[in-house]
> 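Sharing a structure, written as structure tokens. Questions coming.
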Amino acid sequence: MPETITITDDRTGKTVTVPIEGGVFPSSALRELDPTLYCYDPAYLSTASTKSSITYLDGANGILRYGGYPIEQLAEKSTYLEVAYLLLNGDLPNETQLTEWTHDVTHHTFIHENMRKKFAEGFHYDAHPMGMFVSAIAALGTFYTGSKDVDDPAQRNIQIRRLIAKSPTIAAMCYKFSVGLPYNQPSNELSYAANFLNMMWKIGDYEVDPILERAMDVLFILHADHEQNCGTTAMRVIGSSHADPYSSAAGAASALYGPLHGGANEAVVRMLTEIGSIDNVPAFLESVKNGEGRLMGFGHRVYKNFDPRATIIKETAYKVFEVTGKNPLLDVALKLEEAALADPYFVDRKLYPNVDFYSGLIYQAMGFPTSMFTVLFAIPRMVGWLAHWQELLNDPAQKISRPRQWYDGPGERNYIDLANR
Ligand code: CMC
């Protein structure tokens, strides 16, 4: 069977044949037929905007791999910083590389005092931490003039380290501000996850529980990258204009903030709280089926079988609950999952629990307020955004993002004076 596709323009009878590689054919075929011909593809349902070697996702079979390594193996054996190195460099680090990388990240965790004392203090007392996080990431770039030199690999490297290192510090700052507690400084002796938990919770003789530290690290690994999702696409689109990585990452974080993307974990816990008891599950599912709302934490643009991250998160939830006690909303979530997976509405549409269905329950059990949930997604996704940003800048095929539109508005008409409208 030839691995080609032939397209005929029936208006002209012109035909073009182009190769299909990895299930993809080049859109240059359309330009060859007629340079004014465009493909109408709202939400990029059938468009591959880039070649990428960072993350492999097979939605039909529930497969997710970073640099070829299955997510299950990484979640079991690796650490977030090792995974971050893998995403940025294409391979796992050896011992020397890991030591150097860990040292570099650990020694860039502090933020300028003006960020805390002046910038954060300017927010309203009840500002949403994710809104603060988005703004703080953009503001951080103004402290590093070199961040604009996106063509300089040395500058790119240092900004990448800074953004990964400082994201947990900024996240903890946003939380501490929202509850009016004093900030904790980063601690160089702790792991990436433990340092974050310590900045969040240290009061008096608090010590990070190793099970919760590992759970946090596993959650960070699972959220580190997910190829061309909405936030990462935003990062690439903004980065394609050669904006600095802080501004680009702030745009990516804004995309993540939405309830259909990284904001879903917050929406799941709100939904479970509203359902309240397993007795109310059937009525809730009926309301979803009647179009009165969505079952948050269910469904995915790409996964149509199961989300492998959801499976690992569910296992992690049980480990966390052994330390924190069971989240009372777990029973509602389990009943909801069971009922939805037996209901033709969800089965026919291939709707399964996604990464956000159980993660919120873990975060809540660990003491995080719901308003911090999307921030907890943004901290580890920072490396995914940066890996794609770096790949984009090194890709000679990429140019500034500039899709075309299908104009659907009025034809030319004459201006009408205000008095006559
Ligand atoms: N609850 C009820 N119905 C749903 C849901 C849901 N969660 N998701 C999709 N559907 C229905 C939808 O109404 C449509 O039905 P019909 O064909 O009758 O019109 C059909 O399933 C296809 O949905 P779609 O909106 O065309 O699918 P999409 O690929 O555009 O949307 C999604 C994907 C994730 C935005 C969507 O499934 C959703 O809104 N889920 C809830 C929000 C959520 O959990 N988001 C987190 C995604 S995972 C984390 C991340 O990567 O951001």
Side-chain angles (χ1 to χ4, degrees), residues 41-47 54-60 62-64 66 71 130 219-236 251-272 274-275 281-314 333 336-363 370 373-385 388:
D41 186 19
Y44 314 121
L45 290 173
S46 310
T47 297
I54 299 169
T55 289
Y56 175 75
L57 208 172
D58 174 352
I63 293 172
L64 174 62
Y66 296 157
I71 192 69
M130 190 59 189
L219 285 159
F220 283 171
I221 291 170
L222 297 180
H223 287 90
D225 191 45
H226 212 232
E227 50 118 300
Q228 310 307 319
N229 56 81
C230 182
T232 303
T233 299
M235 181 85 189
R236 279 180 171 270
S254 304
L256 187 75
Y257 197 177
L260 298 187
H261 193 7
N265 50 19
E266 189 176 334
V268 169
V269 168
R270 270 204 309 274
M271 172 190 76
L272 294 174
E274 271 164 36
I275 296 172
V281 165
F284 175 77
L285 283 183
E286 281 313 306
S287 72
V288 170
K289 285 153 62 177
N290 290 334
E292 289 165 34
R294 291 206 157 189
L295 174 49
M296 300 310 286
F298 258 66
H300 200 274
R301 171 63 57 80
V302 186
Y303 293 120
K304 298 298 173 193
N305 186 337
F306 69 97
D307 180 339
R309 302 168 300 171
T311 313
I312 300 167
I313 287 186
K314 198 171 169 185
L336 200 52
E337 181 186 4
E338 182 194 293
L341 294 182
D343 189 310
Y345 176 95
F346 298 93
V347 176
D348 293 349
R349 289 171 178 76
K350 299 190 187 310
L351 302 172
Y352 297 87
N354 60 46
V355 68
D356 291 317
F357 194 66
Y358 285 103
S359 59
L361 292 185
I362 302 183
Y363 298 146
T370 44
F373 290 4
T374 311
V375 179
L376 292 166
F377 194 150
I379 295 170
R381 182 53 60 85
M382 184 59 74
V383 73
W385 295 332
H388 284 272

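Predicted model only: the values in this text are computed from it and were never measured. The figures that follow rest on heavy atoms only: side chains count, while hydrogens, waters and symmetry mates do not. Ligands are counted one by one from 1 in listed order, and the atoms in each one are counted from 1 as well.
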> Do Ile54 and His388 make a side-chain contact, defined as non-hydrogen atoms from C-beta onward lying under 4.5 Å apart?
yes
> Is it the case that the side chains of Tyr44 and Gln228 hold a donor-acceptor pair, with the cut-off being a distance below 3.5 Å and no angle test?
no
> Answer yes or no: is there an ion pair linking Arg270 with Glu274, defined by an N-O contact shorter than 4.0 Å?
no
> Could you tell me how the ring of Phe377 sits relative to the ring of His223: parallel (under 30°), tilted (30 to 60°) or perpendicular (over 60°)?
perpendicular
> Would you call the rings of His300 and His226 parallel, tilted or perpendicular if under 30° counts as parallel and over 60° as perpendicular?
perpendicular
> Taking any residue with a non-hydrogen atom under 4.0 angstrom from an atom of ligand 1, which ones do you get?
Leu260, His261, Gly262, Ala264, Val288, Arg294, Leu295, Met296, Gly297, Phe298, Gly299, His300, Arg301, Tyr345, Arg349, Leu351, Asn354, Val355, Asp356
> Identify which one of Leu336, Asp343, Leu351 satisfies the side-chain contact (heavy atoms from CB on, under 4.5 Å) criterion when paired with Leu295.
Leu336
